[in-house]
Asks: 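Take this structure first; my questions come after.
Letters A, B, ... are given to chains in the order of the sequence lines, protein chains preceding strands, and every chain is numbered from 1.
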Protein chains: 2
Amino acid sequence: MKENESKLENRHIKPTAMRELVLKVLSDQSAAISLADLEQKFEKADKVTLYRTLKTFEENKLIHSIDDGTGSVKYALCKETCQCHPEDLHVHFLCTKCKQTYCLTDIPVPSVNLPTRFTLETINMVVKGICVNCI
Amino acid sequence: MKENESKLENRHIKPTAMRELVLKVLSDQSAAISLADLEQKFEKADKVTLYRTLKTFEENKLIHSIDDGTGSVKYALCKETCQCHPEDLHVHFLCTKCKQTYCLTDIPVPSVNLPTRFTLETINMVVKGICVNCI
DNA sequence: AAAGTTTATGCAACCGAGTTGCAAAGTTGT
DNA sequence: ACAACTTTGCAACTCGGTTGCATAAACTTT
Ligand SMILES: [Mn+2]
Ligand SMILES: [Mn+2]
Ligand SMILES: [Zn+2]
Ligand SMILES: [Zn+2]
């Protein structure tokens, strides 16, 4: 998995063994995963190390975090070009049946007309419903 | 405050002293408040009682809860006619400076075109930025 | 009005997600 | 080989939210 190694380097993250393993898990995942989910993907791994790995990934914009209202933050890979700016934002979908959280990367967050003299920094938009696998 | 009493009765909530006090606090508030905020509005009140009061209010749609991503859920009064259905949903605004959370009741949540065979139940849309009081 | 039943309140204790401190292990540069 | 820095692992903690249970208050029935 030389590819993941260079993904890390592209984001200026030192490619340790742990980090490559975590990145592999994230790459194999079609839905976003929580810290607890991630922990369960390993036989024996320290939660704090995984936590800090995710933090490092997020700080360097390799992944973004999603607060879907379930009480546990989810994480998903950013696109190669993503800088996590407002224009990179997309809608997230939480399936109330399977509890999976998906990045709807094709659906940009719609713009809103805020009241006068409210300035926008970022938007979190989470749609809840039933996903295609749960119909 | 006979008005609050009837607001409670309209929502089929038995108007106890505690509940009327809590409703008064919520009515006086222009922004949404958390359980902790509510607790601080009283000299001496049990957090659990307040917690259960909010739960009761929410179940009966007197108030709605807002997960603004700060880690503590906020609560705000519903409109008299609100049934908390998708058509009643509005955008919420979290000021990153004063940390106040506002109901933008005039701004309905924009509709999104979900991928095929995803069905919508509800949407949470939180805009972050600087509010009019913090410019 | 007294007894019985339901509902609301208060205290303690718990829970889970996230976070911090610190020491050990590993890495990098000289 | 040594020093300097980074990463990892363990323990312990924080904080918001929640449950269990006993008491108190409010209605119901006799
Ligand atoms: Mn996403
Ligand atoms: Mn609102
Ligand atoms: Zn699903
Ligand atoms: Zn503000």
Asks: Take atom CG of B:Leu21 and atom C1' of C:dA8, then tell me their distance rounded to the nearest Å.
Replies: 14 Å
Asks: Where along residues 48-65 of chain A does a heavy atom come under 4.0 Å from DNA chain D, residue by residue in number order?
Replies: A:Val48, A:Thr49, A:Arg52
Asks: Which sits closer to the 5' end of DNA chain C, B:Lys47 or B:Thr16, going by the nucleotide each is nearest to?
Replies: B:Thr16
Asks: CG of B:Asp67 versus P of D:dG17: gap in Å, rounded?
Replies: 9 Å
Asks: Report the relative orientation of the aromatic rings in A:Phe93 and A:Tyr102; use parallel for angles under 30°, tilted for 30 to 60°, perpendicular for over 60°.
Replies: tilted
Asks: Filter on side-chain hydrogen bond (donor to acceptor under 3.5 Å, both in side chains), then keep only pairs touching residues 85-98 of chain B, sequence neighbours left out; what's left?
Replies: A:Glu121-B:Thr96, B:His64-B:His90, B:His64-B:His92, B:His90-B:His92
Asks: In plain terms, say whether B:Lys24 and B:Asp28 are close enough for a salt bridge, that is, a side-chain N and a carboxylate O under 4.0 Å apart.
Replies: yes
Asks: Taking A:Thr119 as the fixed residue, which of B:Val127, B:Val132, B:Ile135 is the one that meets the side-chain contact (heavy atoms from CB on, under 4.5 Å) rule?
Replies: B:Ile135
Asks: Which residue in the set A:Lys99, A:Lys74, A:Lys128 passes salt bridge (charged side-chain N to carboxylate O under 4.0 Å, His left out) when paired with A:Asp68?
Replies: A:Lys74
Asks: Would you give the length of the straight line joining atom OG of A:Ser111 to atom CG of A:Leu89, rounded to the nearest 0.5 angstrom?
Replies: 12.0 Å
Asks: Which is more 5' along DNA chain C, the nucleotide nearest B:Ala17 or the one nearest A:Ala36? Just name the residue.
Replies: B:Ala17
Asks: Could you tell me how far apart B:Asp46 (CG) and D:dA22 (C1') are, to the nearest whole angstrom?
Replies: 13 Å
Asks: Roughly, in whole Å, what's the span from CG in B:Leu38 to C1' in D:dG16?
Replies: 14 Å
Asks: Does atom NZ (B:Lys7) have a neighbourhood of more than 12 heavy atoms from anything else shown, all under 6.0 Å?
Replies: yes
Asks: Can you give one letter per nucleotide of nucleotides 23-30 of chain C, 5' to 3': B if a protein heavy atom sits under 4.0 Å from the base, S if only from the sugar-phosphate, - if neither?
Replies: --------
Asks: Report the distance from atom CD of B:Glu20 to atom C1' of C:dA8, rounded to the nearest whole Å.
Replies: 14 Å
Asks: Between B:Gly71 and A:Met18, which has a closest nucleotide on DNA chain D that is more 5'?
Replies: A:Met18
Asks: Tell me whether B:Asn10 at atom CG has more than 12 heavy atoms from other residues, nucleotides or ligands lying less than 6.0 Å away.
Replies: yes
Asks: What's the CD1-C1' distance between A:Ile33 and C:dG18, to the nearest Å?
Replies: 16 Å
Asks: Round to the nearest Å and state the distance from B:Leu35 atom CG to C:dG10 atom P.
Replies: 14 Å
Asks: According to a 4.5 Å side-chain heavy-atom criterion applied to Ile, Leu, Val, Met, Phe, Trp and Tyr, with indirect links allowed, do A:Ile33 and A:Val48 form part of one hydrophobic cluster?
Replies: no
Asks: For the pair made of CG in A:Asp68 and P in C:dA17, what is the distance, rounded to whole Å?
Replies: 12 Å
